[in-house]
2 protein chains.
Amino acid sequence: MKENPVTPPARPRPVTLATVARHAQVHVSTVSRALSADPVGIGADTVLRVRELAAVLGYRRNEGAAGLRTGSSRLIGVLVPRLTDLVLASIYESIDAAASAAGYGTVVANTLDDPEHRRARLDALLSRRIDGVIIGDSHLGDTVAHELRSSGVPYVLVMRKLEGHLSVTTDDYRGGQLAAQHLLELGHRRVGVIAGDQLASTGRERTLGFRRTFESAGYPLPDPCVVESAFSTPSGLVAAEKLMRLPEPPSAVFAVHDLLALGAMGAIRDAGKRVGEDVALIGYNDLDLAATLPVPLTSVRSDLQRMGTLSVEALLAGIKGQAAASVLLPPELIVRATTPPLQV
Amino acid sequence: MKENPVTPPARPRPVTLATVARHAQVHVSTVSRALSADPVGIGADTVLRVRELAAVLGYRRNEGAAGLRTGSSRLIGVLVPRLTDLVLASIYESIDAAASAAGYGTVVANTLDDPEHRRARLDALLSRRIDGVIIGDSHLGDTVAHELRSSGVPYVLVMRKLEGHLSVTTDDYRGGQLAAQHLLELGHRRVGVIAGDQLASTGRERTLGFRRTFESAGYPLPDPCVVESAFSTPSGLVAAEKLMRLPEPPSAVFAVHDLLALGAMGAIRDAGKRVGEDVALIGYNDLDLAATLPVPLTSVRSDLQRMGTLSVEALLAGIKGQAAASVLLPPELIVRATTPPLQV
DNA sequence: GCCCTTCGTGCAATCGTTTGCGCCCACGGG
DNA sequence: CCCGTGGGCGCAAACGATTGCACGAAGGGC
């Protein structure tokens with residue numbers, strides 16, 4: 001005896017164009033046209049009647065079927081390292097909002113910064129015949145963008161840039177400069193950097209802008225003062241611990257991500273020092289929570305919402321076959337309590 | 001003259017079953033079978049040849065077309081209030097991981113706790129013919145679950161529960177009790193609650209468990225000591241400010257969400273008090289960042305990963321037509337520096 | 001009164017996949 | 001030698017929506 005497979009409860013047959021057509025006593029093509037955005041070549045009364053009927057019957061367009069015919073899924077894919085990174089979550093939110101305002105849906109994929117996983121997820125996206133991709137997790141040496149280009153799928157990089165590809169980012173080098181200038185003006189000379197992932201343009205450029213500025217001022221940073229890390233709170237803790245254990249620990253720390261700064265706060269506290277008073281601290285991205293921390297965090301703000309919106313615009317242009325130019329948004333330094341004037 | 005519409009650059013025609021069939025000199029149905037998980041009724045050599053060819057040609061199954069035929073999109077929809085709420089982002093991450101391990105894709109929709117917006121997003125999901133829905137943003141009096149049930153779409157509630165619907169949650173009432181007991185043992189008698197959204201079962205039950213426990217101990221909370229709020233850092237700040245401005249401000253605060261606690265830290269500091277030493281604080285969910293804050297946060301932990309995984313299991317069971325039971329996970333109190341022993 | 005538009009609608013092909021059914025051939029047994 | 005069997009494969013019909021084309025009727029100009 002074959003084991004009895006549990007049969008899924010019969011879902012009521014969904015109402016299709018044919019259902020509506022039968023009720024309206026017209027052909028399905030007429031229904032299709034009547035329901036389209038601008039019903040051309042159909043009598044005004046028919047349009048009204050069909051639309052009403054469709055509403056009553058609870059007709060819902062089958063996007064999959066429509067996409068099969070039209071060749072467009074009206075879906076865009078979004079690649080992010082992880083959504084638990086608040087920064088990417090914010091960007092994704094605005095991407096989703098902008099896309100759905102333009103009539104597109106979005107599908108997001110966590111790539112966990114793992115190449116194999118990433119490929120699998122992208123494959124799944126392409127299987128859904130997405131119309132374009134927004135890449136929020138590009139790495140130095142990453143080939144995905146190249147592949148997309150050669151296979152003709154429109155794409156845009158957001159947040160992290162890559163030489164030779166369309167991108168919407170903020171000027172991270174400049175952001176690093178801003179942080180450095182601020183610390184220099186306050187009189188800091190021995191400083192540390194929690195540098196994030198150096199394969200990501202964000203970590204790299206912010207660090208570079210910062211280092212170069214200190215260098216030009218005559219205070220180059222010794223290598224041990226720059227610690228690589230992931231982009232999470234726990235790894236901020238670990239990195240800052242290293243800095244605090246240095247023979248001459250820095251009087252100020254620049255973390256290239258607010259969550260790293262948050263972790264650093266823990267390490268500074270553990271080292272028996274007070275954030276702000278004993279060790280100055282600057283974060284990056286100016287997340288909501290930066291302002292409300294026990295000691296409000298000085299941070300370099302980047303406009304995440306705007307980045308998301310602009311990346312969608314750029315992608316949509318690409319999908320329509322129009323050219324779009326890369327965008328570089330200006331960062332802004334928001335000074336708060338973690339970088340008080342030095343009391344000498 | 002009609003304005004020249006920019007024609008999208010001709011995307012190379014994607015390779016379909018027909019393409020592979022032509023190269024392999026077999027019928028498309030043979031290719032389809034050869035490529036299926038267990039190719040039955042097809043010669044082993046043919047299977048091999050076809051698969052190889054498919055790989056070489058870069059064949060990718062068109063999920064939309066397949067779904068049209070099979071009636072299943074292998075897609076599940078996820079409704080969350082917002083992804084910038086770290087808690088929901090964590091749950092979604094584990095949902096996505098579990099789903100994709102089971103061969104399903106996920107589509108997430110931010111509902112922003114706005115009914116109209118929510119309906120629009122759900123409609124879009126249903127238009128994609130999703131196989132089921134995981135609801136992470138249910139509200140008291142919410143009708144979406146009812147509608148899904150009557151339209152026969154499988155669904156599961158996660159994080160927030162609703163009487164009479166399948167759900168995977170943690171025991172929030174118990175969590176509130178744990179927090180209360182801890183504060184009582186430390187000797188706190190005048191306490192405040194940042195209660196979150198009372199239409200969400202999380203906010204409601206955590207608050208209720210907490211209040212009841214204080215009540216049974218003989219220290220009922222006056223109403224002004226319980227402040228409703230959203231679930232974000234800024235609204236935690238506002239709520240805590242109210243508490244701090246009370247004629248007799250509380251010696252301890254229970255925030256039903258870590259981000260609220262984070263905001264509360266800001267307000268406590270602004271009121272000229274020190275977190276932990278002057279005002280004890282308990283959060284909820286035990287996010288990563290709780291442990292690494294300048295003053296590590298005592299928090300009630302709920303196992304977000306597990307909730308996500310279990311909700312997928314339950315939904316998949318529902319999709320297969322099997323019955324599933326609601327799950328109630330136990331919370332756990334993690335004591336840290338924000339609730340030190342009272343020095344009398 | 002005839003022809004040519006124009007409008008409103010129906011017809012049918014098409015997108016890519018899956019799957020029940022039937023055909024052909026080889027093989028083995030009687 | 002014949003027939004039954006079954007493995008291996010092709011055929012064609014779906015699934016639901018879109019869209020170029022054709023067709024019929026109405027209307028206007030001559």
Considering only side-chain heavy atoms of A:Arg33, which listed nucleotide, C:dT19, D:dC21, D:dA17, is closest?
D:dC21
Indicate, with a heavy-atom threshold strictly under 4.0 Å, whether A:Ser36 touches base, sugar-phosphate, or nothing.
nothing
Without decimals, in angstroms, what is the distance between B:Asp45 CG and D:dG8 C1'?
10 Å
For A:Ser32 and D:dT18, is the shortest distance between a side-chain N/O and OP1 or OP2 below 4.0 Å?
yes
Side chain of A:Ala66 only, please: which of D:dT18, C:dG10, D:dG10 is the nearest?
D:dT18
Just the rounded figure in Å: distance from C1' of C:dG10 to NE2 of A:His27.
6 Å
Let's see if you can work this out: which of D:dT18, C:dT17, D:dC11 has an atom nearest to the side-chain heavy atoms of A:Thr70?
D:dT18
Here the distance between atom P of D:dA17 and atom CG of A:Leu17, to the nearest Å, is 4 Å
With side chains defined as the heavy atoms from C-beta onward, is the minimum distance between A:Ile135 and A:Arg118 less than 4.5 Å?
yes
Whether B:Ser29 contacts D:dA12 is assessed here as follows: a side-chain N or O lying under 4.0 Å from the phosphate OP1 or OP2. Is that the case?
no
Testing C:dG10, C:dT18, D:dG16 for proximity to the side chain of B:Val28, the answer is C:dT18
For B:Gly41, answer base if it contacts any base atom (sugar-phosphate contacts may also be present), sugar-phosphate if it contacts only those atoms, and nothing otherwise; contact means non-hydrogen atoms under 4.0 Å.
base
List the atom of A:His117, the atom of A:Thr111, and the distance in Å for their closest heavy-atom pair.
ND1-O, 3.7 Å
Do A:Arg69 and C:dG16 have a side chain to base donor-acceptor pair shorter than 3.5 Å?
no
Candidate nucleotides D:dC15, D:dA17, C:dT17, ranked by approach to the side chain of B:Leu68 - the nearest:
D:dC15
In whole angstrom, what separates A:Asp38's CG from C:dG8's P?
14 Å
Single hit among A:Asp113, A:Asp137, A:Asp85 for salt bridge (Lys or Arg N to Asp or Glu O under 4.0 Å) with A:Arg160:
A:Asp113
So what does B:Thr16 touch, heavy atoms closer than 4.0 Å: a base, only the sugar-phosphate, or nothing?
sugar-phosphate
Show the nearest heavy-atom pair for residues B:Val78 and B:Leu125, with the distance to one decimal.
N-CD1, 4.4 Å
Go through the steps to decide whether B:His165 and B:Ser167 satisfy the test side-chain hydrogen bond (donor to acceptor under 3.5 Å, both in side chains), and finish with yes or no.
CA-CA 6 Å; B:His165 296 279; B:Ser167 64; over 6 Å; no
